[in-house]
Structure formats: C-alpha cells, structure tokens
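Below: one structure, written as structure tokens.
We're numbering straight along the sequence, starting at 1. Keep in mind that this is a model prediction, so the values were computed, not measured.
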Amino acid sequence: MTPRPLRIAFSHISRRLWAGGYNYQGNLFAALDQFRPGEFIPVLFAGMQADENELADLAAISNVEIVRSNAFDGQPGLTAALALGLDKGAATAFRIARIDLVVESARFFGWRLPFPTIAWIPDLQHRTLPHLFPRAARWRREFGFRMQIASGRTIMLSSESALLDFKTYYPRVKNRVAVVRFAVRPPTAFLSTNPSEVVEAYGLPANYLYLPNQFYRHKNHQLVVEALTILKRRGVDVVICASGSPEDRREPGYYNLINSEIGKRGLGAHFRHVGVIPLSHVYALLRASTALLNPSRFEGWSTTVEEAKSFGVPMVLSDIAVHREQTEGSARYFGVDDPVALADHIAQISREARGRG
C-alpha cells in the first residue's frame, strides 16, 4: 500500500453496449467510497467520444476522477500491445494520472505494461455458448483472455460458477485467481424518483413483471414470447415490461426478430419494451414490479438479480448455476427451454400479486 490513496485505473464501459458492466463500475465506485473511504481513488479513463451523461453520473460519485484521452476511443493501441507488448497511449495516460494499479476489462494493454494489473473476466460465455458468437469475435475474445493469462495477470472472476468454467477451460493455468462476487447498494440519488409516477409515465398496469435485459440472444427473450403465447391461449392477462438496449453487434437483427414475433402473435399489449431508460427509472420500475424476470441462458453474475435482492423484489429466474448461486434457492426457477414452466410461474406470481392488492 502507498501512504496516499491507491489510484486504480478503470476503462469506461459504455452503458449502451453493456449496461451490466456500466452499473458494475458505478456500484464498485460507490462501495469503495462508502466502506473504504480515503483508501482508493477510482480513475476512469474514457475516450473523447464517450457519452457525457454516462460519465457525469459516475463523476458524481465521491472521489471518482475522469480522464479523457484519444487512447481510449476504441482500442487504437491494441496492435502494439499484442505485437510489441505495450499500448503506449494508454500507458502514458496512466503515468500522467499517477496510477498505482490497472484493472483490465475487455481490453489488453500489453505484457510490458509497467503497472500491477488485474484482468477482470466477467464470464466465459464464448466457450460455453460458442454458437452465439461470430467466429472472429469468439477467437478475438479467446485470444485476449489467453494473452492476459500468459502475461501473468491476476485473474478476477465474478462467481464460483465462472471459476468452475475457468478451471474447466484453462486447467493448467498457474495465475493467481480470485472470485469477487459483488453486491448492489444503489446510490440514494437514484432512489428519489417516485415509482408510481414512473409506472404511470410508461403506461404500465399496477402488476407487471420487469425484464431489464439488453436484447442479446443469450438473454432468451424468445422464451418469454413463447410463455406469453401460452398464457394468451389460457386467457391469462399479464404484462412483461422490458427495458434495455436493442443493439447487439454480434446479431444486429435479433431485436427486430423478437418484435416481429410479438406482432405476429398479437402480444403487443403484453410485452412492452420501454427502451434504454435512466437508471433511476430502472430502479423505480424494479421496485414497483410484481417480480424481476431473468430468462437468460448465461450470466457471469447478474446485476439485475443483485438489484432485486437489494430491494426485496421477488424473482423468476432461469435455472442456471449462477442464478442458484446468487439466490440460494430463494427465487422461482424454470428451464431455459421450458416456456410452460415459465408461463406457470408468471401466472402464479401475478395471481398472488392481485390477491395482495
């Protein structure tokens, strides 16, 4: 430890591209300030084109510093990092900002980076569900992880499930590996919004399930469409409110495919997508919801599940190992390919909520 606060470098994660990663950083920065005051200063490095509003929300957290640099617009130094062992632009920015420790996330700064470095690997989805990645994207991700491992980085994982995957796919790795399971304590500033006003603003009924996942194929929205189709045939009137970005660089047409299915099946009144909304609205909709719904086929450590736990919101979750790990049996679970089980859970929890009302 240095006598002054330890200055830790993080790379900005775009909320538009990965909301979970963005929220993770915000939660981490707030937790460091609250529970380890004066010991750490998160220094967030962002490109000149980064979203101003995203940065402003993070800069509002006490002790967080923002550094803007062209070296973080995309990954201009990646070729040099791979070929010569150093992203000089990023390294220079770190030196000027007097960085003590670097946290790598979804990028590699080179094996010659002259700072202690932790590589955060949130999950190994590309190995578990390789068919959901274009070949080039899958190998780019794998190569990046292998370079971090070969460079002797300390590897940080988000769950015991991820650790099991890591040991399975990289059985001979000797790096130091740590599991850091995060929790969520939303900042007070994001909780001042009146949930009933937000529910009314989006035209939602009093009882709805909330699905705040980006439209990636592995998030499994199609299963929800199938479950709603079953419920419509049964004459059960329920509403799923979905929020999150429709963008998926791996599969640009996926959101339109889901929307098309919703239209064909006459489910527009039952599946409401409100788009990318302010984080205060996300928390308001979650707090007011009948339950959190997460049908995902794969998670590293679900931010939305942690948020639901922090608010005491009931959960209806896909039966995957990490959801069991996070909730310790306290949720309702369904198979990732079982729309009937999901429909049954939705109908039951909706019925119970109406009874309480």
Side-chain angles (χ1 to χ4, degrees), residues 13-35 54 57-58 60-61 120 122-123 158-159 161-162 180-199 202 204 207-216 218-221 224 240-245 272-296 298-318 320 322-333 345 349 353:
I13 297 172
S14 168
R15 183 178 179 226
R16 179 176 57 83
L17 298 178
W18 184 24
Y22 174 83
N23 294 341
Y24 173 91
Q25 287 187 333
N27 289 325
L28 174 60
F29 300 163
L32 289 176
D33 178 58
Q34 181 174 358
F35 298 107
E54 292 182 1
D57 285 343
L58 295 174
I61 301 171
W120 176 40
D123 62 64
S158 295
S159 67
S161 299
V180 182
R181 302 193 299 181
F182 64 87
V184 170
R185 187 170 183 176
T188 304
F190 288 139
L191 304 181
S192 59
T193 303
N194 187 327
S196 62
E197 292 179 359
V198 176
V199 170
Y202 291 113
L204 296 170
N207 296 316
Y208 61 90
L209 278 75
Y210 188 36
L211 171 54
N213 286 355
Q214 292 180 257
F215 279 78
Y216 298 153
H218 77 275
K219 295 296 187 180
N220 209 15
H221 291 81
V224 179
I240 306 296
C241 172
S243 67
S245 173
R272 317 269 189 89
H273 180 226
V274 297
V276 179
I277 61 177
L279 196 52
S280 60
H281 287 197
V282 171
Y283 290 148
L285 291 180
L286 179 56
R287 289 154 63 199
S289 68
T290 300
L292 169 76
L293 172 59
N294 190 340
S296 183
F298 191 93
E299 295 284 342
W301 187 259
S302 173
T303 303
T304 59
V305 168
E306 288 300 316
E307 290 165 346
K309 286 165 59 178
S310 74
F311 295 131
V313 174
M315 293 170 281
V316 180
L317 308 176
S318 55
I320 56 178
V322 73
H323 279 164
R324 291 279 186 174
E325 181 183 345
Q326 282 189 264
T327 57
E328 299 179 329
S330 63
R332 304 174 194 230
Y333 308 96
H345 282 313
I349 202 166

Mind checking whether His221 and Phe215 have parallel, tilted or perpendicular rings, split at 30° and 60°?
-> parallel
Applying ring-ring contact (aromatic ring centres under 6.0 Å, His included), name anything that partners Tyr210, two or more places apart in sequence or on another chain.
-> none
CG/Asp57 to CD/Gln25 distance, rounded to the nearest 0.5 angstrom?
-> 13.0 Å
Decide yes or no on side chain to side chain contact (heavy atoms under 4.5 Å, CB included) for Tyr202 and Tyr208, but give the supporting numbers first.
-> CA-CA 12 Å; Tyr202 291 113; Tyr208 61 90; over 6 Å; no
Identify the heavy atoms of Pro122 and Ala162 that sit nearest to each other, and give their distance.
-> O-CB, 4.3 Å
Step-by-step side chain to side chain contact (heavy atoms under 4.5 Å, CB included) determination, Leu285 to Ile277 | CA-CA 10 Å; Leu285 291 180; Ile277 61 177; 3.7 Å; yes
For Ala284 against Val198, the heavy-atom pair lying closest together = CB-CG2, 3.7 Å
Evaluation steps, side chain to side chain contact (heavy atoms under 4.5 Å, CB included), between Ser302 and Val322 = CA-CA 8 Å; Ser302 173; Val322 73; over 6 Å; no
Heavy-atom closest pair, residues Gly244 and Val276 = C-CG2, 3.8 Å
Is it true that Glu299 and Lys219 have a side-chain N and a carboxylate O under 4.0 angstrom from each other?
-> yes
Rounded distance [0.5 Å steps], OG in Ser196 versus CG in Leu204 = 12.0 Å
Exercise: do Ser318 and His323 side chains pair donor with acceptor under 3.5 Å | yes
For Phe311 and Leu292, run side chain to side chain contact (heavy atoms under 4.5 Å, CB included): C-alpha distance rounded to whole Å, both residues' side-chain angles, the deciding distance at 0.1 Å, then the answer.
-> CA-CA 11 Å; Phe311 295 131; Leu292 169 76; over 6 Å; no
Which heavy atom of Arg181 sits nearest a heavy atom of Glu325, and at what distance?
-> NH1-OE2, 3.0 Å
When every non-hydrogen atom of Ser296 is compared with those of Ile320, the smallest separation belongs to O-CD1, 3.8 Å
So Tyr24 and Trp120, would you call those rings parallel, tilted or perpendicular, with 30° and 60° as cut-offs?
-> parallel
Are a donor atom and an acceptor atom from the side chains of Tyr333 and Thr327 found within less than 3.5 Å of each other?
-> yes
The reported gap from OH in Tyr22 to CG in Leu279 (rounded to nearest 0.5 angstrom) is 7.0 Å
Residues Ala291 and Ile349: closest non-hydrogen pair is CB-CD1, 3.5 Å
Drop me the distance from Leu209's CG to Thr290's OG1, to the nearest 0.5 angstrom.
-> 5.5 Å
Rounded to the nearest 0.5 Å, how far does OG1 of Thr303 lie from CG of Asn23?
-> 6.0 Å
Drop me the distance from Asp123's CG to Ser158's OG, to the nearest 0.5 angstrom.
-> 8.0 Å
If we ignore angles and hydrogens, is there a donor and acceptor under 3.5 Å between the side chains of Trp301 and Ser161?
-> no
Residue pair Val305 / Met315, side-chain heavy-atom distance below 4.5 Å | yes
